[in-house]
Novice: 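Sending over a structure as structure tokens; questions will come in a sec.
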Amino acid sequence: MTNAKYNLEPVEVPPVETKYRVIRTKLPVPESLEIFKTLENSEPRSMMGQPPVVWDRAEGFQVWDRWGNCWIDWSSGVLIANTGHGRPAILQAVREIVDRPLLTSYVFVHEKRAELTESLRKISPDPDHYKVFLLTTGSEAIENSIKLAKTYALEKYGPERCCTVSFQNAFHGRTMGAQLAGGQPEGKRWIVGEGQTFFQVPFPDGFKNEDTSFDLFLSSLKAQGVEPREIAAVISESYQGVGPDFLPYEYAQSLQKFCKKHDIVMIFDEVQAGFGRTGRMFTFEHYDIIPDMIVCGKGISSSLPLSAVIGRADIMNLYPPGSMTSTHSANPLSVAAAIASLKIIQGEKLVERSERMGDILVPGLQRIQQKYPSVLGCVTGKGLVAGIQVVKAGGKTPDAETALRINERCFQKGLLMFAPVGVAGECVKIAPPLSIEEDALREGIAVLEQACEEILE
Ligand SMILES: Cc1ncc(COP(=O)(O)O)c(C=O)c1O
């Protein structure tokens, strides 16, 4: 959870002019303040908290404002634009649907829906036995996966099998079911009196929790009085967004064995981890496991709102015609964007590219971390997602303030990241589009290093 408060007083910053970055005004831009003021008046304050840039245009791995400033984007939105912003093939695909026109069809059939669900089925772990349900947001898809898993358990084993097990520090979205499955207690305080069937266990990240054994999973359930026969589903992000934190290979293997043994539906949340982000099409592939259900969002379209549940056919088919739908499911514009995006990922081999670029990014960050080991607690990453945990000197106590200062200094130098994440806003997180040029990636690493020098020395 972040609570970042960026400075909204314009300050002089050194001008920047490189091949990929331009900063030529005070930041935030004085002329943009009116827009922030309007938003402050019309929106809840929860919508603030990102670096104060007003996006005017985003293309490839760059973001421009209206005043001539240009940033290298290390956010991909928030891990949305995997293929890059505004890719011409995606624009063209959307334009064709606009020009037809076919802006909506509810759940009446349109041809592209068949094309996309077929393509997604084909990249599922077992195309002959998996089905695809298109939705709009990641949270909505998470809700649906939990509903399906609980329905499966109820119908097969009865009401006793009603529990959902997830992980501490998990993030699955902000709707009620998604937050119940989440592992961030502050965020779900509002859900008073619900959730007696949702249980969290420690995530084996190795830094915040050093016990990475699967025994801890078992003992944590026991301590909470949960028996395997009561568990409908186990849900985990394929990597936890607060890190990114990955499951140890052996742990993931044990988790799969446990779920198989007890016929528990294993759900992997790939909303931010999917579509090449970590150098695999899906991040669970790093663990050689096969989830029963895969929840997708964000990078699925690189742009327009779309999400999906890809799951075992016997679970996906539990509801009869007309009883599991959503108004904007398979919206033609989003679907066209997703088809084009997937073709780019496959055609340009962005999954492999992401892995290769990760071999530059992660060691680059580790080198920076090793310069300031007492305050940069650790670096984690795979492919084109990485994070630096900023801590109070010599320990593991999160230091959100310093993380924010590093992030803000990068912003002032033309390197854009979303606000720090993590358990307490201590994680400087990096997620460039998978299409980022190698020299732009290296330039970004150098900017981050400079920012660290200025803030930490
Ligand atoms: C891992 C994960 N799951 C689910 C969600 C929720 O997706 P949405 O914001 O589209 O509802 C997010 C969003 O950040 C996420 O990172």
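Order of listing sets the numbers, starting from 1, for every ligand and every atom in it.
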Novice: Quick one: nearest non-hydrogen protein atom to atom 7 (O) of ligand 1, plus distance?
Specialist: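 Of every protein heavy atom, G138 CA, 3.3 Å lies nearest to atom 7 (O) of ligand 1.
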Novice: Taking only Lys NZ, Arg NE, NH1 and NH2, and the carboxylate oxygens of Asp or Glu, determine whether E59 and R57 approach each other closer than 4.0 Å.
Specialist: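 Yes, E59 and R57 are salt-bridged.
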Novice: Taking 4.0 angstrom as the limit, do K396 and E210 come out as a salt bridge?
Specialist: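 Looking at E210 together with K396, the answer is yes, because their closest N to O distance falls below 4.0 Å.
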Novice: Determine, using heavy atoms of E270 and all atoms of ligand 1, whether some pair is separated by less than 4.0 Å.
Specialist: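 No, that is not the case, since the closest heavy atom of the residue is not under 4.0 Å from the ligand.
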Novice: For the 3.5 Å polar cut-off, considering only N or O atoms, please tell me whether G173 and ligand 1 meet it.
Specialist: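 No, since none of the N or O atoms of G173 sits under 3.5 Å from an N or O of ligand 1.
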Novice: Show which atoms of ligand 1 fall inside a sub-4.0 Å distance from at least one heavy-atom site of T137.
Specialist: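 Every atom of ligand 1 under 4.0 Å from some heavy atom of T137: 10 (O), 11 (O).
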Novice: Measure the shortest side-chain to side-chain distance between V54 and F36 over non-hydrogen atoms and say whether it is less than 4.5 angstrom.
Specialist: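 Counting from C-beta outward, V54 and F36 do come under 4.5 Å.
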Novice: From atom 14 (O) of ligand 1, work out which of K298, E237, Q272, H172 has a heavy atom at the shortest distance.
Specialist: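 Going through K298, E237, Q272, H172 one by one, K298 has the nearest heavy atom to atom 14 (O) of ligand 1.
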Novice: Mind telling me whether F411 and W71 have parallel, tilted or perpendicular rings, with 30° and 60° as the class edges?
Specialist: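 Ring orientation, 0 to 90° scale: parallel.
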Novice: With a sphere of 6.0 Å drawn around NZ of K5, does it hold more than 12 non-hydrogen atoms of other residues, nucleotides or ligands?
Specialist: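 Incorrect, the count does not exceed 12.
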Novice: Return the closest protein heavy atom for atom 12 (C) of ligand 1 as residue, atom name and distance.
Specialist: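 Sorting protein heavy atoms by distance from atom 12 (C) of ligand 1 puts F171 CE2, 3.6 Å first.
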Novice: Considering the heavy atoms of S139, write down every atom of ligand 1 situated less than 4.0 Å from one of them.
Specialist: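 Ligand 1 atoms under the 4.0 Å threshold to S139: 6 (C), 7 (O), 8 (P), 11 (O).
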Novice: Knowing that exactly one of F284, F246, Y287 qualifies, which makes a ring pair (Phe, Tyr, Trp, His ring centres under 6.0 Å) with Y239?
Specialist: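 Single ring pair (Phe, Tyr, Trp, His ring centres under 6.0 Å) partner of Y239 among F284, F246, Y287: F246.
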Novice: Report yes or no: does D269 have a heavy atom closer than 4.0 Å to ligand 1?
Specialist: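 Judged by the 4.0 Å heavy-atom criterion, D269 does count as contacting ligand 1.
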Novice: Using a plain distance cutoff, I'd like to know if E140 has any nitrogen or oxygen under 3.5 Å from a nitrogen or oxygen of ligand 1.
Specialist: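 No, no N or O pair falls under 3.5 Å.
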Novice: Would you say NZ of K208 has more than 12 non-hydrogen atoms from neighbouring residues, nucleotides or ligands within 6.0 angstrom?
Specialist: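 Result for NZ/K208: enclosed.
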